[in-house]
Amino acid sequence: MSVVGMTQSRRPIPPFPQIADVSGLAPPSAALNSQSLALGKLFPSLADPDATEGPFIVNTLSCKDSFAGYIRRGEPGNSVFLSHADARATIPWAPIFVRQNNLLQLPSSVTRQIDCSEVLVMNESSAHYPVFGNKARKYEFLLPNLKWSGAQRLGTMGAVSSNHALQFALANRVADLTGDGQPLNCALDLVLFEVPGAATDMARLAILRSLVQHIAIASNDVELVGEAGYEYAKHWLHPDTDSLVPPGGSNEVSVLGHMNAIAELAQLLDAAQAWKAPPDVIFVAMGSGSTVLGLLLGVHLMGWNTKVVGVADQDKSYLTRWLLNRQPSVPFVEGNVAQLARSTVEWLQKIRFPGISPDVLRVMQQETFVPDSTSWEPGYGLIEPADGERANELKEAGLTLDPVFTLKAWRSLLTMSQTGALKNKKVLFWNTYNSFDYMPPLQSSLG
């Protein structure tokens, strides 16, 4: 631990009574049961149990067959399942949020500031459901994978303000994974890191305390990442913990969530007749990596000539870059994505996922991926006055952004526009921030 220069408060929070009922926050079962996997329409073999090539992605809400006899290959939450030793890989998937036409056209008061041909927003935000869009797409693959793995007790980690910590804790309790109203409902421990220079949101912490079995707080005065972060987290986990879910819920399996999102986007664009051709550029916030990587791989599957601008949420020191990804000259978040890209492509090729060309890594690195590792400044979650003004203007236009991720991505879009890089291009802004107001319904549940 000392190698990363950390001080740790080692403050375990004892168990607290669980809130009485959060089931009312789940979407209607009928709305979920009617959904299908968009990737299955692009590659029918993925949804065909009788196909012989590539993996089979099974909708666990509609499949009533027992998975008890399957052979698991991989770690819990990041596995494929085989009906017998030589069978094709099976990947469980459960729709846990209601799809809707969430393409947003911004008013001219906003778009006239952007020098491009057209701009649309993929707005992954809901006023009705707390587990929605960006995180939910990952959990649609992650949660049923954990269930099929037999997980009983989990741990995960992130900042006190982590969207993943809150949404995963909720999804664990409310997301139906069987069609019979059975969520994962594992015992869950959280290891949360304080954000230097930012006050801890005590109301949010109180809600987290009501959703999980244990919380430990780390005083993250400098940096606690990579193996050091995992080792610290493991110190506070229960001895019976099955798995430590990675920060942000990002692993090879969860990348499928945003590969599927691109297939959904193609359907939305066709239905809306918004554009006759795919976007030229997609802007998206970039944190733990699986969202931007999923979009890149989805663009590859579609055969689109689209560039994906991934906007980092932070950077780290030279030492931390080396500890985490062995590439100290590469910005921290870019290094995360590069590592995940290599392991994910290897995994997809191993399970013979359709549409993955042999040179996909080269194509992503040299042709489609445009990392922006400067727009996160002046700091993680910190904004300048001009950013605040833009956020207010966008909120009035129907687009709510957050200071940690999406507002920085919007700044990147404006900066590239000012240089002329977007001229005559169709631009899609992918809003990963779910602006659901968590506090009133959850605080009322606390009594």
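Predicted model only: the values in this text are computed from it and were never measured. We count residues from 1, following the sequence as given.
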For this session: Could you give me the CA-CA distance, side-chain angles and deciding distance for F97 and V131, then say whether side-chain contact (heavy atoms from CB on, under 4.5 Å) is met?
Result: CA-CA 7 Å; F97 74 102; V131 182; over 6 Å; no
Going by an N to O cut-off under 4.0 Å, is there a salt bridge joining [X] and [Y]?
{"X": "D313", "Y": "K408", "value": "no"}
{"X": "E140", "Y": "R99", "value": "yes"}
{"X": "K135", "Y": "E124", "value": "no"}

Does [X] reach the main-chain N or O of [Y] with its side chain, forming a donor-acceptor pair under 3.5 Å?
{"X": "S149", "Y": "A151", "value": "no"}
{"X": "D315", "Y": "P331", "value": "no"}
{"X": "N145", "Y": "S79", "value": "yes"}
{"X": "N101", "Y": "L103", "value": "yes"}
{"X": "S125", "Y": "S435", "value": "yes"}
{"X": "T400", "Y": "K395", "value": "no"}

Can you name the closest pair of heavy atoms from [X] and [Y] and give their distance?
{"X": "S343", "Y": "E252", "result": "OG-OE2, 2.6 Å"}
{"X": "T60", "Y": "A94", "result": "OG1-CB, 3.3 Å"}
{"X": "N172", "Y": "C186", "result": "OD1-N, 2.8 Å"}
{"X": "P55", "Y": "I91", "result": "CB-CD1, 4.1 Å"}
{"X": "P278", "Y": "K426", "result": "O-CE, 3.1 Å"}
{"X": "N434", "Y": "S126", "result": "OD1-N, 2.8 Å"}

For this session: For the pair Q182 and L177, evaluate side-chain contact (heavy atoms from CB on, under 4.5 Å) and give the outcome as yes or no after the intermediate values.
Result: CA-CA 6 Å; Q182 297 179 29; L177 303 179; over 6 Å; no
Atom [atom1] of [X] with >12 non-hydrogen neighbours under 6.0 angstrom:
{"X": "H84", "atom1": "NE2", "value": "yes"}
{"X": "Q35", "atom1": "CD", "value": "yes"}
{"X": "E118", "atom1": "CD", "value": "yes"}

Exercise. Are any of the side-chain heavy atoms of L205 and R209 separated by less than 4.5 Å?
Worked result: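 Result yes, sub-4.5 Å side-chain heavy-atom pair found.
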Could you go through residues 345-357 and list every donor-acceptor pair under 3.5 Å that involves a side-chain atom there, pairing it with any protein atom two or more places apart or in another chain?
unit_1, atom_1, unit_2, atom_2, d
R352, NH1, E53, OE1, 3.3
S357, OG, H300, NE2, 3.1
S357, OG, D359, OD1, 2.7

For this session: Begin from the C-alpha positions of S29 and L32 and carry the test side-chain contact (heavy atoms from CB on, under 4.5 Å) through to its verdict.
Result: CA-CA 5 Å; S29 297; L32 297 178; 5.8 Å; no
Problem set entry | Evaluation steps, ring-ring contact (aromatic ring centres under 6.0 Å, His included), between Y139 and F168 | CA-CA 8 Å; Y139 303 157; F168 187 79; 5.4 Å; yes
Exercise. Is the ring centre of F81 less than 6.0 Å from the ring centre of F67?
Worked result: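 Distance test on ring centres: not under 6.0 Å, no.
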Exercise. So, do F283 and W430 have ring centers that fall under 6.0 Å from each other?
Worked result: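 When the ring centroids of F283 and W430 are compared, they turn out to be at least 6.0 Å apart.
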For this session: Can you tell me which residue pairs pass the side-chain hydrogen bond (donor to acceptor under 3.5 Å, both in side chains) test with a partner in residues 301-311, sequence neighbours excluded?
Result: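 Listed by first then second residue: nothing to list.
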Exercise. Just checking, is any N or O donor in the side chain of N431 or N123 under 3.5 Å from an acceptor N or O on the other one?
Worked result: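 There is such a pair (donor and acceptor under 3.5 Å, judged by atom type) between the side chains of N431 and N123.
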